[in-house]
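Just so you know, these numbers use all the heavy atoms, side chains as well, and skip hydrogens, waters and symmetry mates. Quantities reported herein were computed from a predicted structural model and do not represent experimental measurements.
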Amino acid sequence: MWDFYCRELIAETGPVGERLRVREIDDDEGRRLVRIVRRGSGSVVTWRRAQMVLLSAQGMDAAAIAKVAFTSEDRVRDVIRNFNADGFGSLYPKYKGGRAPKFTLGGSNTRSWR
């Protein structure tokens, strides 16, 4: 059923000018992507990005992936470009928690945390 749905989405998108695809991934990387997508217990951001990369590796274009992932084609292309450049590190969000420190004029090393 899933394969039929994906093929139907690919057929609906029509011809694409320049097709952006994920780089060649080996078996270990493919298993790691599938594990992230199937597990689903981590970050939702990581899961969605891994899903986009995996679908691209299976031959889907950006428009079809955007429909499946409910996002824009530009976002899909960004995720694929980032994965091609940085690998698995690009799948994980770069959250920085907490409040930014407020620097005072008293000196370069003096910080006020309020």
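Here the side chain of R49 pairs no donor or acceptor atom with the backbone of V79 at under 3.5 angstrom. Judged purely by atom type and a 3.5 angstrom limit, R77 has no side-chain atom pairing as donor or acceptor with the backbone of A62.
Proximity of F88 to V53: side-chain heavy atoms (C-beta onward) are nowhere separated by under 4.5 Å. Side-chain contact check for E29 versus R23: some heavy-atom pair is nearer than 4.5 Å.
With rounding to the nearest 0.5 angstrom, the CE atom of M52 is 13.0 Å from the CG atom of L33. Here S90 contributes atom OG and D78 contributes atom CG; the two are 11.0 Å apart, rounded to the nearest 0.5 Å. Remark: S43 OG to Y95 OH distance equals 5.0 Å, nearest 0.5 Å. Separation of atoms CD (Q51) and OG1 (T71) is listed at 11.0 Å; rounding is to 0.5 Å.
Summarising the geometry of R21 relative to N84, their closest heavy-atom pair is O-ND2, 3.3 Å, with the distance given to 0.1 Å. Residues I25 and G30 come closest through the heavy atom pair CD1-CA, 4.1 Å.
At a threshold of 4.5 Å between side-chain heavy atoms, the hydrophobic network of Ile, Leu, Val, Met, Phe, Trp and Tyr places I80 and V45 in two separate groups. Hydrophobic clustering (ILVMFWY, side-chain heavy atoms < 4.5 Å, transitive): L20 and L55 are in one cluster.
For the side-chain contact (heavy atoms from CB on, under 4.5 Å) criterion with L54, the lone passing option out of I65, V22, V34 is V34.
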